[in-house]
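The structure appears below as structure tokens.
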Number of protein chains: 2
Amino acid sequence: MQHSIKNNFPNFSSELVATIEENGTEQSFEAGTILMRTGQYIKNTVLILKGKIKIYREGEDGGEFLMYYLQPGQACAISMICTAKSEKSQIMAKVVEDVTVMMIPLQLMDKWMMEHRSWYEFVIETYRSRFEEVLEVVDNIAFRSMDERLEFYLKRHSDACGCAEVKLSHQEIATELNTSREVVSRLLKKMEQRGLVKLNRNQIELLK
Amino acid sequence: MQHSIKNNFPNFSSELVATIEENGTEQSFEAGTILMRTGQYIKNTVLILKGKIKIYREGEDGGEFLMYYLQPGQACAISMICTAKSEKSQIMAKVVEDVTVMMIPLQLMDKWMMEHRSWYEFVIETYRSRFEEVLEVVDNIAFRSMDERLEFYLKRHSDACGCAEVKLSHQEIATELNTSREVVSRLLKKMEQRGLVKLNRNQIELLK
DNA sequence: ATTCTTCTGTGATAAATGTTACTGTAGGTT
DNA sequence: AACCTACAGTAACATTTATCACAGAAGAAT
């Protein structure tokens, strides 16, 4: 019940919730699963009920440039956007914490736009917030240097999990920022000297 | 007539065209006009009938980081996205070639989604294509070095205007790529030596 | 305890980009 | 012609980021 549609999407009307439960397919995936690849055609919209999915852009060299995370109560904007033409995905989606999702066939997603006001509003709000998030990413890489980007990255993480400890290795961070591990280590060390963080193995504690 | 809704938006149904002409306000703006600022509230959706609008992200130092251009037959996705909550704009919009636009109050834009299939499809397609464009921008700054970005930038420009000559000063290019003029000059010189371009005052000719 | 693997720290060096400072040139203005 | 201004070229240097090379530390596996 904790991972129901009703709980995670409180703005959905009760008819919409019923329709989703009737037509959607609940599925679970383990951490590490790639749900979507660049160039793949999209057949479903995904509503997240449990877990965490990472949306990123893949570089030629295997970089996994982080765009944003999807968490319970959210949906994949890309899959929604690609609706009409069942276009190719331009991004990668990877499960980072075991997830349970509700899969919705694209035709329905489109159909409901006309039938359910709360669905329409949810979709528009999803577009808006994701677009904004991507704009913020652009801001960061266009105008900020690596040390600022790293600080921002850590803050985002701790905000998302609601705790001050970010459990990631330097290598993972480097991959998501498309830089090298050494650079991350060095910058973190400087941050530690400035009293901003406390470093442990596989864990960074934000101090303010 | 050349700059009518009908001509520029051929997919709109005739009822929709009529509704737009009845409810929208046609307005013209000179090159240089700022149509939208970061932090400003949005009250209208804009359909472009003539001219060119630049959508960019402004840096603290006055950088004008180019996101994309809007041309006849297109609409501002940001304004559409901010509909529901009449949210603040996250970007800047500046007229670069005298434009004529059709202004549509946001309530109507929202209302028509339900009433006109061709409007709905247009809006969704606008979201999709702009999102993609921004993702491509991210790709470029995240994974490519300045020389590649410059080449890409020039190609985009010549594609957009349909001609091989890009009429911009090095300074303007530098501003849009958020780098310095000297860097642009250097890289362009190298490109000229590689036989990719021919440089003239205020004009760069692409050779292939 | 010993071995292995992964993670972290750090110096040395290279490459890319940004900054400063100056020169020359084309075109417009007086 | 003389002057002005915007634009373009380039050298020298600073800074940032990337890469290479290696060493030590933490934890897991045997």
Side-chain angles (χ1 to χ4, degrees), chain A residues 31-32 59-66 139-154 157 165-206, chain B residues 31-32 59-66 96 138-154 157 165-206:
Chain A
E60 283 140 7
D61 52 350
E64 301 192 353
F65 193 85
L66 177 66
D139 255 24
N140 275 304
I141 42 181
F143 298 122
R144 318 236 172 265
S145 53
M146 202 45 92
D147 52 352
E148 291 177 289
R149 287 174 54 197
L150 178 58
E151 282 189 45
F152 184 80
Y153 174 90
L154 294 175
H157 260 270
E165 290 84 34
V166 176
K167 291 190 198 319
L168 293 168
S169 72
H170 298 184
Q171 181 59 65
E172 290 176 288
I173 297 174
T175 303
E176 299 204 326
L177 292 173
N178 196 46
T179 179
S180 66
R181 190 212 33 99
E182 293 89 327
V183 171
V184 172
S185 287
R186 264 197 284 264
L187 293 176
L188 280 174
K189 211 64 200 167
K190 276 191 206 160
M191 287 178 70
E192 188 173 44
Q193 282 156 13
R194 286 196 290 148
L196 296 176
V197 295
K198 189 165 174 310
L199 301 179
N200 303 298
R201 192 187 172 84
N202 276 317
Q203 193 209 38
I204 298 156
E205 189 181 338
L206 302 208
Chain B
E60 284 139 6
D61 52 350
E64 301 193 352
F65 193 86
L66 177 66
V96 288
V138 171
D139 255 25
N140 275 304
I141 40 180
F143 298 122
R144 317 235 171 267
S145 53
M146 202 46 96
D147 53 352
E148 291 177 289
R149 288 174 54 197
L150 178 58
E151 283 188 43
F152 184 79
Y153 174 89
L154 294 175
H157 259 272
E165 289 85 34
V166 177
K167 293 193 199 312
L168 292 168
S169 72
H170 297 186
Q171 182 59 65
E172 290 176 288
I173 297 173
T175 303
E176 299 204 328
L177 292 174
N178 195 49
T179 180
S180 66
R181 182 200 55 84
E182 292 87 333
V183 171
V184 172
S185 288
R186 259 200 297 261
L187 294 176
L188 280 174
K189 211 64 200 168
K190 276 190 206 162
M191 287 178 68
E192 189 174 44
Q193 280 156 14
R194 286 196 290 147
L196 295 177
V197 295
K198 189 166 175 311
L199 301 179
N200 303 298
R201 192 187 174 83
N202 274 320
Q203 194 212 52
I204 298 157
E205 188 180 338
L206 302 206

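We use all heavy atoms of the structure for the numbers below, so side chains are in, but hydrogens, waters and symmetry mates are not. Per chain, numbering begins at 1; letters A, B, ... match sequence-line order. Here the structure is a predicted model, which is why all the values come from computation and not from measurement.
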Round to a whole Å and report the spacing from CD of A:Q203 to P of D:dA26.
15 Å
Tell me if the side-chain of A:R186 makes a donor-acceptor pair with the base of D:dT19, cut-off 3.5 Å, by modelled atom types.
yes
Using OP1 and OP2 only, check whether a side-chain N or O of A:S180 sits under 4.0 Å from D:dT17.
no
Between C:dC7 (P) and A:N202 (CG): distance, integer Å:
6 Å
Nearest whole Å is fine: how far is D:dT5 C1' from B:Q171 CD?
15 Å
What is the distance from CG of A:L188 to P of C:dT10, rounded to the nearest Å?
12 Å
For A:V184, run the side-chain contact (heavy atoms from CB on, under 4.5 Å) check against A:E172, A:H170, A:E176 and tell me which one passes.
A:H170
Residue met sooner reading DNA chain D from 5', once B:E192 and A:R201 are mapped to nucleotides
B:E192
With DNA chain D as reference, determine whether A:S145 or A:R181 sits nearer its 5' end, using the nearest nucleotide of each.
A:S145
Using atom NZ of A:K167 as one end and atom C1' of C:dT6 as the other, report the distance to the nearest whole Å.
18 Å
Output the rounded distance in Å from CG (B:L199) to P (C:dA26).
14 Å
Checking B:R144 against A:E60 for the salt bridge (Lys or Arg N to Asp or Glu O under 4.0 Å) test, could you report, in this order, the C-alpha distance in whole Å, the side-chain angles of both residues, the deciding distance, and whether it holds?
CA-CA 10 Å; B:R144 317 235 171 267; A:E60 283 140 7; 3.4 Å; yes
Is there a side-chain contact between A:L188 and A:L154 in this structure, where contact means two heavy atoms from C-beta onward sitting under 4.5 Å apart?
yes
From the set C:dT20, C:dG9, C:dG18, return the single nucleotide nearest to any side-chain atom of B:E182.
C:dT20
Return no unless some side-chain N or O of A:H170 is found under 4.0 Å from OP1 or OP2 of C:dG9.
yes
Quick one: B:M191 CE to D:dA8 P, roughly how many Å, whole number?
15 Å
Measure the shortest side-chain to side-chain distance between B:I204 and B:M191 over non-hydrogen atoms and say whether it is less than 4.5 angstrom.
no
Which part of the nucleic acid does B:S169 contact within heavy-atom distance under 4.0 Å: base, sugar-phosphate only, or nothing?
sugar-phosphate
What is the distance from CG of B:D147 to P of C:dG18, rounded to the nearest Å?
12 Å
Atom OH of A:Y153 and atom CG of A:N140: how far apart are they, to the nearest 0.5 Å?
12.5 Å
Using a cut-off of strictly less than 4.0 Å, decide whether A:T179 has a side-chain nitrogen or oxygen near OP1 or OP2 of D:dA18.
yes
